[in-house]
Structures are given as structure tokens and as C-alpha cells.
Protein chains: 4
Amino acid sequence: MALTPEQQAEIEAARAEPRPTLRAVAPGMEAQLHIAHPILDHGLIRVVDYMGDDGAICQAARVSYGRGTKAVSDDRGLIRYLMRHWHSTPFEMCEVKFHVKLPIFVARQWIRHRTANVNEYSARYSVLDREFYIPAPEQLAAQSRTNNQGRGQLLEGAEAQRVLDILREDATRAYDHYEDMLTPDPEAGKQGLARELARMNLPANVYTQWYWKVDLHNLFHFLRLRADHHAQYEIRIYAEKMAEIVKDWVPLAYEAFADYRLGAASLSAQARAVLKRRLAGETVTEETSGMSKGEWREFVEEWG
Amino acid sequence: MALTPEQQAEIEAARAEPRPTLRAVAPGMEAQLHIAHPILDHGLIRVVDYMGDDGAICQAARVSYGRGTKAVSDDRGLIRYLMRHWHSTPFEMCEVKFHVKLPIFVARQWIRHRTANVNEYSARYSVLDREFYIPAPEQLAAQSRTNNQGRGQLLEGAEAQRVLDILREDATRAYDHYEDMLTPDPEAGKQGLARELARMNLPANVYTQWYWKVDLHNLFHFLRLRADHHAQYEIRIYAEKMAEIVKDWVPLAYEAFADYRLGAASLSAQARAVLKRRLAGETVTEETSGMSKGEWREFVEEWG
Amino acid sequence: MALTPEQQAEIEAARAEPRPTLRAVAPGMEAQLHIAHPILDHGLIRVVDYMGDDGAICQAARVSYGRGTKAVSDDRGLIRYLMRHWHSTPFEMCEVKFHVKLPIFVARQWIRHRTANVNEYSARYSVLDREFYIPAPEQLAAQSRTNNQGRGQLLEGAEAQRVLDILREDATRAYDHYEDMLTPDPEAGKQGLARELARMNLPANVYTQWYWKVDLHNLFHFLRLRADHHAQYEIRIYAEKMAEIVKDWVPLAYEAFADYRLGAASLSAQARAVLKRRLAGETVTEETSGMSKGEWREFVEEWG
Amino acid sequence: MALTPEQQAEIEAARAEPRPTLRAVAPGMEAQLHIAHPILDHGLIRVVDYMGDDGAICQAARVSYGRGTKAVSDDRGLIRYLMRHWHSTPFEMCEVKFHVKLPIFVARQWIRHRTANVNEYSARYSVLDREFYIPAPEQLAAQSRTNNQGRGQLLEGAEAQRVLDILREDATRAYDHYEDMLTPDPEAGKQGLARELARMNLPANVYTQWYWKVDLHNLFHFLRLRADHHAQYEIRIYAEKMAEIVKDWVPLAYEAFADYRLGAASLSAQARAVLKRRLAGETVTEETSGMSKGEWREFVEEWG
């Protein structure tokens, strides 16, 4: 991503003038504000605004539990307790707004998370820029043979080159035609196609952008699904950057999230029973586990 | 849209065997169930399931108002009262599930309505069909000169032909390349690109499909925005068919919706005051209206 | 409401130390932050945090409309345009968090607005305070004879006195018993009832408190319903104070809301047609209006 | 709960006339429809309507995964896969509507689940019935000394009797006064207090009722929190009955829910590491576990 000089100037202007506020301020997030992090070849993510900090989570929890929270007096312990016991509402008290530039096929996955506020660039009103996502060679992978939704080995040599050429040429031609259809030329008797129609010629790797605002609880839910290794690389790379930003913003909440969600494991009733039998010294096999073949395979991947 | 013989057989099978139920049954909706209505060139919409009827709206309202509803004893009057006074919760007691096949650029507008449940065909797991939306000649319009988000005159002659050729050829080529990139060919040293990557080459007029489930209140909200003449034709045509279906399903609620939303007008405080002055015989001009130029223009369009 | 000295000290501490931020700052809202506004006899409302300002609404709208918004260059015009055309998403880009102390029967109405984040004081964890809402004499009204959900004339004399005595005495007794049931007394063989059970003895006018966080679009929706004269006085008085606060926070958005929602009128298809006939000089009667009796009565109340 | 003869007759009428439908029918749910299950002393829960069955979950999943689902061909395996991998959207394709009668303090917990549709009996419009929840002796427990939100030993003897007397007498007196304040008596110069005011005298154990409609995914979320042993008995008893009903409705989905949610265990990153060390033969202590005191205590409760 190359910011235009105009955009760069806007960011610098926004960062140049701190103003006094009586609100909670998160120093780690102030350091992030407005700065554009490049993602993929033309994408970006940056924090535009935020509300709350670790203290705001505790403040809300203490309203709920009133005098009953005296026992858990330190913030870190309280936040870990809330996360461990799925008390999600205090995390909803923090809010963040991102500006994101991303390919349309990524935007289509992202928007499935419904509990967020979105303003997207409208290709009915305006003309999209000539920017497409072309994967880097180290992301150009074959279909996985074992995983219906995953990637296998990298493409190499002529195949890789051919794929990159196709993606580049088709996107370029599509955009040339998009521009051509849009452009009126009275002398040639051309009125110019409506923008809301012309856009249909553009491929799913064209970049769009939006403002995306979400509370911390729902952001954690997004990150759990999208910063996961099962997620498609092209959305995961955004999620990973957001995770870093969240760590700067609410370090205690992020640590609890990492321990109780990202790094956690979920055991089915059967898996739980098998582990207890193993801890008691028993050897459990697929046959005696009560699990199906697929369940056992996933269990053994984790627990040996 | 041409249904495959397999799909047609499924629909006939689903309609062949009525089964007894103790639930509320809406006869007009039973007549609609499963039947595929063609929309655009390859799209469709059909009702897959539904819950509730006009009676269910009244039943819920009567729980809320208890003995207090005796005064409004007939269903039609009660439903109109609820609609008129924005009592939306009784309308949420009805639910409907559609199967929709639609171009991706339409799906991207549609999904912005967040209060619905969606399962979309996944191009990570599966290969999309070779089907694209190509506008009919009577939809091939130029950009409006007065409305940033609208269409103007129809394109004609050479320009129209050229646009249609571009859309068809670019879509065909993009799909040929999509298929080619996907297809492994061990002899030629081709592994085949991952589906989640190959899809990025497809244009926004390729068709996708989904199950979309929504309650009646939120469906009315969707219809108010999308069956409106400001909506883009390619989504409005779906909304209009849905409106017809809803009319068969809950005729009393639909009539109230038509009178109090679709056919209704909203007056700003200024417009309200101007109308009262006019009714009292005064001649009001833009200057004395308290409205801005744009507000006055929109007011005059409606009220002369 | 009397704040405890401890609470007063907290508020003063929170207001004493402005800190620098790079976020959007709304001066009118900074002046409001943390300050407790007394509502009813023991209630309060105060702003605990906020995100965004009028500029944030425009910033988001300009992302959506891209270059297409050049035409509407000033913020006031753009915000009015958005409000007039029900473009709600830019208003969702602002967020506010309130601390509210309110009687339980008010809280039960309030919580029906689902698109907000809430942390309420928990009477499972903690003991509720001895504070009850007792209406002021000028709010002690009889049941309306014409409106099932409204108030009529004020109660007077002996009846008023008797009602106030009942409310005070029953609340006092209920709280005395609550405390008594809760209190262990080992010498008397009393263990003390669980808090989660004892609370069931408290009446609906006991005060609770919560943090309530909502975006501006949904707050406007709340205010439209609850600052309306049909709303019960005991919730309307909170809504009216919130409306004043919002006016300080986002003056342009509030003005548009006042003009296009609060002060606006909605015309059914029938009412619209009748007004047009009247403007054309026709005299329209109930019989020729196409309206039901109730619809006509409501129409005449507004339009004579 | 005693149904009135009128209510009983309505239920019998609703069950008397099966009608033909072309929708999915769940036989186990048809057997449940309309039947009122008594809960607590005057409460009830009953299914009023439903949409979908186990097959509807699979149908939606197969739309999402298209041809990619051929591998998982049987419904049970597919549903377990969806549940195991948190693919929640197919479960949202089923919907259920309950009629519930419940004490207000239970309703206040219940309503915190926001993703549902609700129509509650309105005490502004109508007069509440003279029905209060009085705990059975085996539920009359002392405050737990170790758990801020739990119950300890049962109350006995004089204390138990005294508590029951207080609850009964205060509720009776409050209701007598409610009725008295409401009742106009022109001869005595009494107008009768507005219903919206009089209700504030009623305690939190008075019964209310509502229609509550929710999709299966969100119902499972509700059941996970409210059928849990940490939940207060008075809401858990409703959740347990709902769980039985769901088991009759969608037996495959319920089985997966029981195995992967209700009976499952969640391991933090630390707990996961400790279990692996134990399985490898190491003895791990609190000191070497990386856990806090509270975390270790909860871990040992489960894993010894």
C-alpha cells in the first residue's frame, strides 16, 4: 500500500494536535491512532477512534457486582475471572473504529460478522480505484487434498507464473473496460454506463474500503475465528494486525483472551472422559473412546 | 433461470406430500412454498419455510396488551393500529426463510441488512457455477446526471452493444481462467490453484446463492428500502417479488405496511408547518419555508 | 438524588485531570462528562464516556460516498441529507456510555431496546440500597378514561395522600423485611436468606443502576419513542435529559433529528391523498377519506 | 400452575385440528405443541410455534458447502462437525416460539439475552394477576459463604417459616393495595390510580408472561448459561424444561450440543499445558502451573 501524499498529510495532521479530554485514555492506543499499517499489496488498517481501556472493563464489572467484587480487588484478576466465566458484557463497554482497505472477497467474509457498524465505499456513488490484490508468490498455493477449505503446497515454476499473469491481465482488462464503459464521449455518441452497473465487471480482488466499528467482546469473537490458522490467509493477516493493536490498547484483556480463547482448547464430553481415564493410567483406543473416526483423529492431533 | 431437472424434481417432491401439523398455517404461503420464481437472467427466489400468519401477530399483541385489547377486537384494526404506532414486536413473531440465487454485487447490498440469518454458498469449499448476470437491453442505462446514485437514459445502438459484448466476454474469459487455474493436470505439472484463491478472478456479476431467514418486522424494513424506487433495479426486482409473496402470506399485515410505510410520506417539522400554512390559505415560498434549497426541491416534488 | 460524598469526590477527581488525546473531541460533551444529573427523587444520569462528534458522522458518510459527496460539501447539509433519507449507518459511528440510576419498573421498559450494551447492578451478588421512587404529587394521576396506556386527572386530597402513604409504607416494610431476611444471626439460629431469593420481596419502585452504552442511531430511535409524549413520564424524564446531552454533543445531528424525527409527522397513503385533495380545494369527510374511524380521529387531531 | 378452564379449552382446540402443510415437520415437536408444562408454583412454559428440524440444519449447511459436503454425507456426522467447529449459522435456520409465565425477577435475568423477539404482558395496559412465586421449602436456602452468587444450606425451622410468612404476607398486602389503589370509587371520591403507576407497588416475585421467539443457535447459548448449575434455580428450572423440549425437536442437534457444549470442558492455555505435562508423567503443582490461586482451585476441582 502506498498512501497518497494527501492521505499521509491527513494522518500527520490528525496526529499533530493532541487535545485535552476527560475521558479514559489508553496510552498504547494513542500511539496507534490514525497510523496506517500496510496489509497485503494495497490494503491497510488503522485505528480511527476508540472508547475505553482495561479500567473501563473493571468499572462496568464493579457496577454489576457492586460490593460483591471487593474480594477480587485487582484489575488483572477481575478481568481473567470475567473471561474465564464468559461474563461478556463488561468487554462490550470498550469500542474501537477501524479504517480498512481490503479486497472484496475478503470484505465478503468479514461482513458476515453482523454485530458491528459499517460504512463502506459505495461503487454506486463513486468510481473504484485501479487496485487489485495479486498474491505474493509465497501465498500462491494449490488446493489442499485433505482439507476442503484449505491450501496445500505452493505452486511453482510455469504454473505459478501463469496464474499470476492471468490474475494481473484479467484484472487490468476488467478495469480498463470498467473505465471505458463509464466514460461519456459525446462526440462518439457515448453517454457512459451507470456506475451501479459498470462495477459488475470488476473482479473480487479489487480493493474496497470501509469504516468498521465494533465492541471489544465482538472483536474478540472475530479474532478468535479470523486470527485462527483455519482462516484464509488474506483475512487472517488483517486479524493478526488487529490482535497486535488490541494488545496495545487493553493489555490485560488481551492477555486473558490469549490464555482463555486463542490458546485454549475445548474438550467434548467424550474427550473429557478419555483424558480422565488416561490420567488415571488407562490406555484408551478409538474403539473404547466413544468417539467417531473424525472426532478421534482431531483428538489425537491435539493429545497424542 | 432454468432449474436443473434434479432441482425441479426436488421441488415437486417437496410439494407432493403435505403432512399434518398443529401449527398456524397460512394458506397463501402454502401455495408459494418451494416454488422457484425466476428473477433477472439466472436468479431465483423461493420460500423454503415460514412461521406464523396474521393471527400470530394479533396473538402476540394480545399477550402484550392483555385485557386492554378488548377495545380493538378485530384483527385488521389491531394490525393497522400496531403498524401506525410503530409497535414492531408483534410483527417479529412471524418468520420466513428464502432460498435466493443472486449476483454477487446484489448480495453485497443485501447483506448490509444485519438482522437476518444467512447461509451462503462458499467458494472456499466449492466451485461456483458458470452463470453471470448480463442486463437486459431495457436495463442498460447511462449514469444519471442529476442523481449520483441513479440511472439516466437507456444506452442505445453501438454503445449498448459494446457494453453487452464487454460484459459477456470479460465474464466468459474470467470464468474460463477460473476453471483453468483450478484444474490440476499432473502430466503438465499443474497442481491446481486453491479454490479460495481462484475465486478472486471472478467478476461481481457471477451468481451466488444463499438461504436467508428474517422476521416479518425486519423484512418490512428491508422492503421499505429495497422495493423503493431509489433502490437499484437489480435488488428491487427481488424485493418486489418478496412483497408479492408477503401479501399472500400475511394479507392484513401487508395491507397495513403498504398504507403506513410503502405509500406513506414523512414530513419534517418544517414541511409540516408549511402544509398547515397552505391549508390555512397562505402562499409559502422557498424563502419563507424555513427549508434549504434541497429540502424545498424535494418538498415541491411531492406537494407541488 | 443525593450523591454520597465518596461519589462526589470520584466525579471531581474524574473531571480534574484532562489528558491529551488524538481522538475527535466534542467540547459540549467534555463539559457534560461525569456530571450527575438528578432525575426523579433518587435517580441520576451521567455521561461516562463517548466516541465521535458531528465530524465523525460526516467522515464516515464521505467514505461511503467517496468522490460522490463533493456536491454536498458542508457538514450541516450532509447530516440533514443523511437523516432525511434514512441513511442510518453514519450515525452508528458515534457511541456514548451512560451511568443511570433508575427504578426497576423503568429499567424493565428501557431494556426492551436491545441494540445496546448493559451492565446492571446485580442483586444476586450485592445488596440493593434502601431507595424507592415515590411520585411527586404533580405526577400522581388517575387512569385515563380514553387512553388505555395513559394518565388522566391528578389525584387529590385524601386519595392522593392515601396512595402516597401506601407506596411509602409498603416499600419501607418490604425493605425492612428484605434486610431482616438477609441478616444472619447465629445466636438466634438465623443463617440469612440467599440474596438471590431475598430480592424477590422488593417492589418495582426500588432503584437499580447500570452502565448503558449505545450508538447514536439507536439512541435517536430510543429518544424518538421515549421522549415522546406517549411515553410514561418516569422514562420520558430520563429521555428528555439525554436529548439535552445529545444536543450538546452533536448539535448538527441533533438538529436534524429534531426536524426529521421528533417534530416530524408521518402520513399514511390515505392521509397523504386526503391532504392533496384538501390542498386542491376539496372538502374531505370521514366517509370519503378512505380511513377507519380511529384513523380519521388521529388524522383530525393533527390536521384539523 | 393451574390453567383456567378457558385456557385448557384453548389448548385442546389448538391440538384438535391438524392441518396439512408442505413445510418441514418435526414429529417430536408436534407432540409438544401448545401443551403447558407447569414450572415453579404458578409458572408455565409451552411451545406455540416452531420452524425447521434437524434436516433444515443440514439443508442450510449443504447450501454453504455445496459440492464440498459430499464427504460428510450423513446428517448426524454433519451436525456434530458443525457444532464442533463453531459453525453456528446453520443452527440459526431453526426457530421456536415459547409462551412463558414467570416471576419478574426471573424475567429480568432472561431478557438480558438480546437476540430474541419478545412480547410481554404490559402492566400499563392491563392489570396483573394475583400470583406470586413463593419458594418451596427445599429451595429456601441461605446465602453461600463461599460463592457470592450462590446458595448454601437450607433454612430450617423457625427461620424458614418466618421467611415464608414474610414473602406471603408482603406479597398479599402489596397486591391488596395495588387493587385498592386501582379501583375507582366515585362515591368515596376515588378516581383510581393509573395502572402504569400502581404496578410499582408489586414485588419482584409477581408473575408476568410473554411470548419469546429465538433461533436454535441463540437458544443453545441461552441453555448453556441458564441450564448450568451456576444459574439461579428459578431460571434453571425453565431452561431444563426447554432443553427437554429441544431434545424432542432436533434430537441430533441436541445430542451434539450436549456433547460439545453442556458436557464439554474449556481448558485455558495454562491448563492445557499442565494436562499435557501430567499425561507425560510429570507432577505439576500450583507453583509450577503458571496459574493464579483461583485458577488452580478451579482446575483442581475438575482435574484432581
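A, B, ... follow the sequence lines: proteins, then strands. Residue 1 opens every chain. What you see is a predicted model, and the numbers here were worked out from it, not measured in a lab.
- D:Q32 and D:H37 form a side-chain donor-acceptor contact under 3.5 Å, judged by distance and modelled atom types alone.
- A salt bridge links B:R62 to B:D75: at least one charged side-chain nitrogen sits closer than 4.0 Å to a carboxylate oxygen.
- A tilted orientation is assigned to the rings of D:W110 and D:F222, their planes being inclined by 30° to 60°.
- No hydrogens or angles considered: a donor-acceptor pair under 3.5 Å links the side chains of D:R46 and D:H99.
- For B:K97 and D:E95, the salt-bridge test fails: no basic side-chain N is under 4.0 Å from an acidic carboxylate O.
- Interface with chain B: from residues 199-214 of chain D, residues D:Q209, D:W210, D:Y211, D:K213 qualify, criterion being any non-hydrogen pair under 4.5 Å.
- Within the 4.5 angstrom heavy-atom criterion, only backbone atoms of D:V118 (N, CA, C, O) approach chain B.
- Of the listed residues (B:T89, B:L22, B:D49, B:N117), the one with the most heavy-atom contacts under 4.5 Å to chain D is B:L22.
- Contact tally against chain B (heavy-atom pairs below 4.5 Å) for D:E92, D:R15, D:R19: the top residue is D:R19.
- Between B:H87 and B:H85, the angle of the ring planes goes over 60°, which puts this pair in the perpendicular group of the 30/60° scheme.
- Contact tally against chain D (heavy-atom pairs below 4.5 Å) for B:E17, B:Q59, B:M93, B:M29: the top residue is B:M93.
- For D:Y260 and D:R84, the side-chain atoms include at least one donor-acceptor pair closer than 3.5 Å.
- Listed in order of number, the residues of residues 50-58 of chain B that approach chain D to under 4.5 Å between heavy atoms are B:Y50, B:M51, B:G52, B:A56.
- For the residue pair D:R23 / D:T21, a side-chain donor-acceptor distance below 3.5 Å is found, with atom types taken as modelled.
- Electrostatic pairing of D:D129 and D:K101 does not count as a salt bridge here, judged by no charged N lying under 4.0 Å from a carboxylate O.
- Side-chain contact between D:T115 and D:H217 is absent, with no heavy-atom pair separated by less than 4.5 Å.
- Using a 4.0 Å cut-off between charged nitrogen and carboxylate oxygen, D:E244 and D:K241 count as a salt-bridge pair.
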